[in-house]
Amino acid sequence: MKHITAIRKPMPLFVAVPTTAGTGSESTAGAVITNANNHSKYPVVSLFLIPQYAVLDETLTIGLPKDVTAYTGMDALTHAVEAYIGEFGTAYTDEEALKAIKMIFENLEQAYLHGENLEYRRNMLVASNYAANAFTRAHVGYVHTISHALSAIYNVGHGKTNAIILPYMLEHYGKSAEGKLAQIAIYTGLGKEEEGQEVLAKKVIKRIKDMNEKMDIPSKVEELKEKDIELVVNKALKEGNPAYPVPKIMNREEMDEIVRELLN
Ligand SMILES: [Fe+2]
């Protein structure tokens with residue numbers, strides 16, 4: 001994602017009202033401007049873009065289609081997981097991320113199945129907000145860099161590709177993310193400390209795969225073509241290295257291997 005720090009002075013009063021759960025834009029320093037004429041997207045990052053107020057009104061998300069509910073919810077989960085396993089985490093961002101992950105595990109499939117239920121919708125809005133509090137400070141990781149590359153090339157949905165990539169990336173992080181994933185498993189009630197980190201980490205990855213399956217999210221990126229893999233790898237590495245605080249820095253071969261796994 002290109003960062004353009006073009007905003008040099010505070011904006012007028014900014015009240016953000018999210019209509020998905022979500023991007024978390026209501027509490028982050030990021031925004032995306034779409035040029036409808038040439039279908040380009042311009043990411044803008046500025047501290048002046050953090051809204052003074054956010055209004056979380058679940059009634060605005062009631063009408064979201066099932067697939068959008070699933071994709072945006074998995075985007076929020078990816079924010080929380082990447083912020084939590086990365087190297088920039090603080091006690092505050094760790095807590096926000098864990099709360100978000102637990103709420104998403106407990107509410108997203110329900111919101112997907114029962115879209116009219118205000119409680120599930122409200123919990124997802126709050127979870128997305130917690131996730132945003134975490135990632136706007138602790139950043140994201142390679143799931144997002146690959147996702148950005150894929151949307152630049154194929155214009156595929158951000159949340160959908162994040163959902164697909166997340167379990168693959170967590171498997172590739174291996175030992176480097178195992179301890180944090182084990183903490184997620186314990187916090188969310190997926191397992192107990194005595195089971196050991198490896199088993200607990202696998203439980204988290206399996207939980208994410210199960211969520212994708214239950215919400216009809218594919219396990220491969222259908223748009224991805226073999227001839228474009230090198231371009232995706234280049235873009236993902238360029239964005240991620242060295243800017244992103246990932247648990248393990250991937251080299252070209254490793255990134256190539258991961259992207260190849262996404263091929264249908
Ligand atoms: Fe995202």
Side-chain angles (χ1 to χ4, degrees), residues 1-4 20 22-25 28 30-36 38-45 65 67-83 85-86 128 131 135 139-173 177 205 208-209 211-213 215-264:
M1 182 181 277
K2 205 190 297 173
H3 290 181
I4 309 164
T20 64
T23 63
S25 301
T28 69
V32 179
I33 296 169
T34 303
N35 182 338
N38 62 6
H39 305 286
S40 309
K41 288 181 179 177
Y42 301 96
V44 184
V45 176
D67 57 348
V68 180
T69 301
Y71 301 154
T72 50
M74 291 308 281
D75 184 27
L77 180 66
T78 308
H79 296 153
V81 171
E82 293 209 289
I85 64 174
S128 163
F135 94 85
H139 221 326
V140 286
Y142 286 133
V143 178
H144 269 78
T145 69
I146 299 174
S147 226
H148 292 155
L150 291 170
S151 46
I153 300 166
Y154 306 116
N155 199 25
V156 282
H158 172 77
K160 184 179 180 182
T161 47
N162 275 348
I164 298 170
I165 301 162
L166 184 59
Y168 291 102
M169 189 54 73
L170 295 178
E171 276 166 356
H172 276 270
Y173 279 140
I205 297 169
I208 296 167
K209 286 182 180 171
M211 289 174 82
N212 280 346
E213 209 180 305
M215 296 189 292
D216 266 327
I217 298 175
S219 60
K220 305 284 175 182
V221 179
E222 284 145 26
E223 294 83 356
L224 180 62
K225 293 183 187 68
E226 170 123 39
K227 68 171 176 58
D228 297 329
I229 287 181
E230 198 183 337
L231 182 61
V232 175
V233 170
N234 285 343
K235 278 179 174 285
L237 287 176
K238 192 173 173 215
E239 180 182 335
N241 295 347
Y244 284 26
V246 290
K248 178 185 164 192
I249 294 175
M250 303 281 176
N251 62 30
R252 180 163 297 279
E253 290 72 43
E254 289 162 323
M255 189 57 90
D256 186 85
E257 205 176 299
I258 296 161
V259 176
R260 253 167 224 290
E261 285 181 355
L262 305 172
L263 261 181
N264 207 351

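Below, all heavy atoms of this structure are taken into account, side chains as well, without hydrogens, waters or symmetry copies.
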Quiz item: When you look at CD1 of Ile249, are more than 12 heavy atoms from neighbouring residues, nucleotides or ligands closer to it than 6.0 Å?
Solution: no
Quiz item: Just how far is it from atom CG of Leu262 to atom CE of Met169, taken to the nearest 0.5 Å?
Solution: 8.0 Å
Quiz item: Minimum heavy-atom separation for Lys248 to Tyr173, with atom names?
Solution: O-CE2, 3.8 Å
Exercise. Apply the side-chain contact (heavy atoms from CB on, under 4.5 Å) test between Leu224 and each candidate in Val156, Thr161, Val259; give the one that qualifies.
Key: Val259
Quiz item: At what distance, to the nearest 0.5 angstrom, does CD of Glu257 lie from CG of Asn251?
Solution: 9.5 Å
Quiz item: How long is the gap from CD1 on Ile146 to CG on Leu166, to the nearest 0.5 Å?
Solution: 11.0 Å
Quiz item: With side chains defined as the heavy atoms from C-beta onward, is the minimum distance between Asn234 and Arg252 less than 4.5 Å?
Solution: yes
Quiz prompt | Side chains of Ile217 and Lys209 in contact at under 4.5 Å (non-hydrogen atoms) | solution = no
Quiz prompt | By side-chain contact (heavy atoms from CB on, under 4.5 Å) - contacts of Lys238 (at least two apart) | solution = none
Exercise. Assess whether side-chain contact (heavy atoms from CB on, under 4.5 Å) is satisfied between His144 and Asn162, documenting all intermediate values.
Key: CA-CA 7 Å; His144 269 78; Asn162 275 348; 3.3 Å; yes
Quiz item: Is Ile208 close to Met74 at the side-chain level, that is, under 4.5 Å between some pair of heavy atoms?
Solution: yes
Quiz item: Can any side-chain N or O of Glu82 pair as donor or acceptor with the backbone N or O of Val140 at less than 3.5 Å?
Solution: no
Self-check item: Euclidean distance, Lys225 NZ relative to Ile153 CD1, rounded to 0.5 Å
Solution: 10.0 Å
Quiz item: Looking only at heavy atoms, which two atoms of Ser128 and Gly24 are closest? And how far apart?
Solution: OG-N, 3.7 Å
Practice problem: Decide yes or no for Thr20 and Tyr71: does some side-chain heavy atom of the first lie under 4.5 Å from some side-chain heavy atom of the second? | Solution: no
Quiz prompt | Separation of Arg260 CZ from Ile229 CD1 (nearest 0.5 Å) | solution = 4.0 Å
Practice problem: Examine distances only and state if a side-chain atom of Lys220 and a backbone atom of Glu261 form a donor-acceptor pair shorter than 3.5 Å. | Solution: yes
Quiz item: Any donor-acceptor pair under 3.5 Å linking the side chain of Tyr142 with the backbone of Met250?
Solution: yes
Self-check item: Sidechain-backbone polar pair: Asn212 side chain, Ser219 backbone, donor-acceptor under 3.5 Å
Solution: no
Exercise. Check side chain to side chain donor-acceptor pair (under 3.5 Å) between Thr23 and all other residues, then give those that pass, not counting sequence neighbours.
Key: Ser25
Quiz item: Do you know which two heavy atoms are closest between Gly22 and Ala76, and how far apart they sit?
Solution: O-CB, 3.6 Å
Practice problem: Classify the angle between the aromatic ring planes of His158 and His148 as parallel (below 30°), tilted (30 to 60°) or perpendicular (above 60°). | Solution: parallel
Quiz item: Can you tell me how far the CG atom of Asn264 sits from the CD atom of Glu222, to the nearest 0.5 Å?
Solution: 5.5 Å
